[in-house]
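One structure below.
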2 protein chains.
Amino acid sequence: MARYAHVPGPTIRRLSLYLRELEGLLAEGRETVSSKQLGQALRVTDAQVRKDLAYFGQLGRPGVGYPVDPLIREVRGILGTDRLWPAVLVGAGNLGRALAAYRGFARRGFEIVAVFDSDPAVVGQGLGTAGELTVLPMSQLPQVVRSGDIRIGIIAVPAPAAQSVAEQMLDAGIRALLNFAPAGLDVPPRVPVVSADLAIHLEQLAFQVAELAP
Amino acid sequence: MARYAHVPGPTIRRLSLYLRELEGLLAEGRETVSSKQLGQALRVTDAQVRKDLAYFGQLGRPGVGYPVDPLIREVRGILGTDRLWPAVLVGAGNLGRALAAYRGFARRGFEIVAVFDSDPAVVGQGLGTAGELTVLPMSQLPQVVRSGDIRIGIIAVPAPAAQSVAEQMLDAGIRALLNFAPAGLDVPPRVPVVSADLAIHLEQLAFQVAELAP
DNA sequence: CTATGTGAACAGCTTCACAGCG
DNA sequence: CGCTGTGAAGCTGTTCACATAG
């Protein structure tokens, strides 16, 4: 496909932030928003906002601004979150259990439909917001992925297990990985991987704090 | 301070990834590594690795490569993770509890020393890897931050509460924020904020999956 | 008068290519 | 000869400034 191959990566990343802000504005009942207002909320210039949105067509009206609700629909369509994405999660430790119970995913168009773990001691446990998920053994991964046509896999296992889990997921038919393990994954270049190493976020913060005047 | 004001932002972000990879190499007993090897692990060019590291001095040896252990020390010093950073966490929900128990933070130089929540029902609960933390009421935040000289605050509350929690943290003396809430924070420009919205990671993945051939 | 869309100028980051060290 | 460090070139992304629409 590559519908938006010419769009800068940073623009795509900001799109998620615009969407989050727009949803807040919608909840407040706002009907339009200007590039200046959106920019202030995200700490980017108004010109940046206009350039970003202009990649996808003439979305605003001069003198008026951008219509909030139609723009939300447009951005969701671009990001692909105008539909529900089922996902599988591997790792039922502390982080995995928190992710399985996190309501924020469903609100944004993602649903964890199954959780797996290699530890027999946790297989069979109830998980999720209200215990609606049961931890399954790894052996059932391929069957669940195939029968549910699931493309997204979430890795929430300790670092040493991450590479092996990634390979098992790809073998099972998963196409893209969200990796919470603090380890790089060696996967074929065409497999999208987003890394969400929690400690790396903190390191970046530590750097910025160290740069401040004492 | 601004010791490294001239260093590109992307370089600083990659520094964390180099460090993670180097720690893996150290565990394997490797003594040196070339820019080519490091680059392959992170999917960047060897020239990029050399440029990144050269911002901080002559860290490698021609014909040999970079010495793993000294380079780790150097990068930790740059990022500021050569010491232990105490941090406070607000929000003892699913995510907050998982973060409080996450061992990965301590391994990378961060320690959650106190957890706060505004809900009286959870105040007093035991938390952490082994129940060593007790959830405190918000009223104790300023005293704990001041007496512990704590600079980093972690926000793990629902979106509507995030802005208010951020303000309470800054009032209490916190200097930098790691924000897990799916909401932007309106804080003074000099306050470093790193956002770790879990759903945004998934949106970025959804976009990449939608770009793949079906 | 307000606010978009956009070519042109600018800034920042990455890659190239090679001198020079071990 | 392998591999770093680094100017120069090339490319990508951001900001400017203004014509144009409401």
Side-chain angles (χ1 to χ4, degrees), chain A residues 2 4-18 21-22 25 30-72 74-75 78 189 204 207-208 211, chain B residues 2 4-18 21-22 25 30-72 74-75 78 189 204 207-208 211:
Chain A
Y4 304 114
H6 59 297
V7 179
T11 294
I12 300 297
R13 282 190 284 278
R14 282 189 296 268
L15 235 35
S16 281
L17 301 175
Y18 295 141
E21 185 64 25
L22 288 165
L25 292 170
R30 289 285 303 277
E31 302 224 324
T32 61
V33 63
S34 71
S35 56
K36 196 173 173 189
Q37 294 167 324
L38 260 182
Q40 278 170 351
L42 272 82
R43 302 221 204 153
V44 297
T45 65
D46 53 338
Q48 182 74 79
V49 174
R50 293 198 298 278
K51 257 276 189 309
D52 283 344
L53 297 177
Y55 283 114
F56 308 102
Q58 313 236 355
L59 271 29
R61 287 172 56 195
V64 180
Y66 297 88
V68 173
D69 197 59
L71 186 53
I72 287 176
E74 186 68 34
V75 175
I78 295 161
Q204 294 293 310
F207 174 79
Q208 293 181 53
E211 290 292 285
Chain B
Y4 305 115
H6 58 295
V7 179
T11 294
I12 300 296
R13 282 189 284 281
R14 283 189 296 271
L15 235 36
S16 280
L17 301 175
Y18 295 142
E21 185 65 25
L22 287 166
L25 292 170
R30 290 285 302 277
E31 303 224 325
T32 62
V33 62
S34 70
S35 56
K36 195 172 175 189
Q37 295 167 324
L38 259 183
Q40 280 171 348
L42 271 81
R43 302 220 205 154
V44 297
T45 64
D46 53 339
Q48 182 72 80
V49 174
R50 292 197 299 278
K51 258 270 178 332
D52 284 343
L53 298 178
Y55 283 112
F56 308 100
Q58 313 235 357
L59 272 29
R61 287 174 55 193
V64 180
Y66 297 87
V68 173
D69 196 58
L71 185 53
I72 287 177
E74 185 69 34
V75 175
I78 296 161
Q204 294 293 312
F207 174 80
Q208 293 181 52
E211 291 291 286

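No side-chain heavy atom of B/Val75 sits less than 4.5 Å from a side-chain heavy atom of B/Phe56. Side-chain contact between B/Tyr66 and B/Arg50: present, with at least one pair of heavy atoms (C-beta onward) separated by less than 4.5 Å. Side-chain atoms of A/Glu74 and A/Ile78, non-hydrogen and from C-beta on, do get closer than 4.5 Å to each other. A/Val33 has its side chain out of reach of A/Tyr18: every pair of non-hydrogen atoms, C-beta onward, lies at least 4.5 Å apart.
Proximity of A/Ser35 to the phosphate of C/dT4: a side-chain N or O atom is located under 4.0 Å from OP1 or OP2. Distances shorter than 4.0 Å separate some side-chain N or O of A/Gln48 from OP1 or OP2 on D/dT15. OP1 or OP2 of C/dG5 lies within a sub-4.0 Å distance of a side-chain N or O belonging to A/Tyr66.
Distance, A/Gln37 CD to C/dT2 P: 13 Å, rounded to whole Å. Atom CD1 of B/Ile12 is separated from atom C1' of C/dC13 by 14 Å (rounded to the nearest Å). The nearest whole Å value for the distance from the CD atom in A/Glu74 to the P atom in C/dT4 is 16 Å. Spacing between atom CG of B/Leu38 and atom P of D/dG5 amounts to 12 Å, rounded to whole angstrom units. Rounded to whole angstrom, the span from the OH atom of B/Tyr18 across to the C1' atom of D/dT4 amounts to 14 Å.
Residue side chain B/Arg61 does not reach the base of C/dG22 through any donor-acceptor N/O pair under 3.5 Å, judged by distance alone.
At a threshold of 4.0 angstrom between heavy atoms, the contacts of B/Leu53 with the nucleic acid are absent.
Sequence order on DNA chain D of the closest nucleotides to B/Lys36 and A/Val7 puts B/Lys36 first from the 5' end. Both B/Tyr55 and B/Arg50 lie close to DNA chain C; mapped to their nearest nucleotides by heavy-atom distance, the more 5′-ward contact belongs to B/Tyr55. With the nearest nucleotide of DNA chain D identified for both B/Gly57 and A/His6, B/Gly57 has the one nearer the 5' end.
The side chain of B/Gln58 lies closest to D/dG5, out of D/dG5, C/dT15, C/dT6. For B/Thr45, taking side-chain heavy atoms from C-beta onward, the closest of the listed nucleotides D/dG22, C/dT15, D/dA17 is C/dT15. Of the candidate nucleotides D/dT14, D/dA21, C/dG5, D/dA21 has the atom nearest to the side chain of A/Pro62.
Panel note: side chain A/Gln48, backbone A/Thr45; no donor-acceptor pair is recorded below 3.5 Å. Looking only at distances, a side-chain donor or acceptor of B/Gln204 sits under 3.5 Å from a matching main-chain atom of A/Ile12.
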Filtered N/O pairs between nucleotides 8-12 of chain C and protein, under 3.5 Å:
none

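The heavy-atom pair separating A/Leu53 from A/Leu59 by the smallest distance is O-CD2, 3.6 Å.
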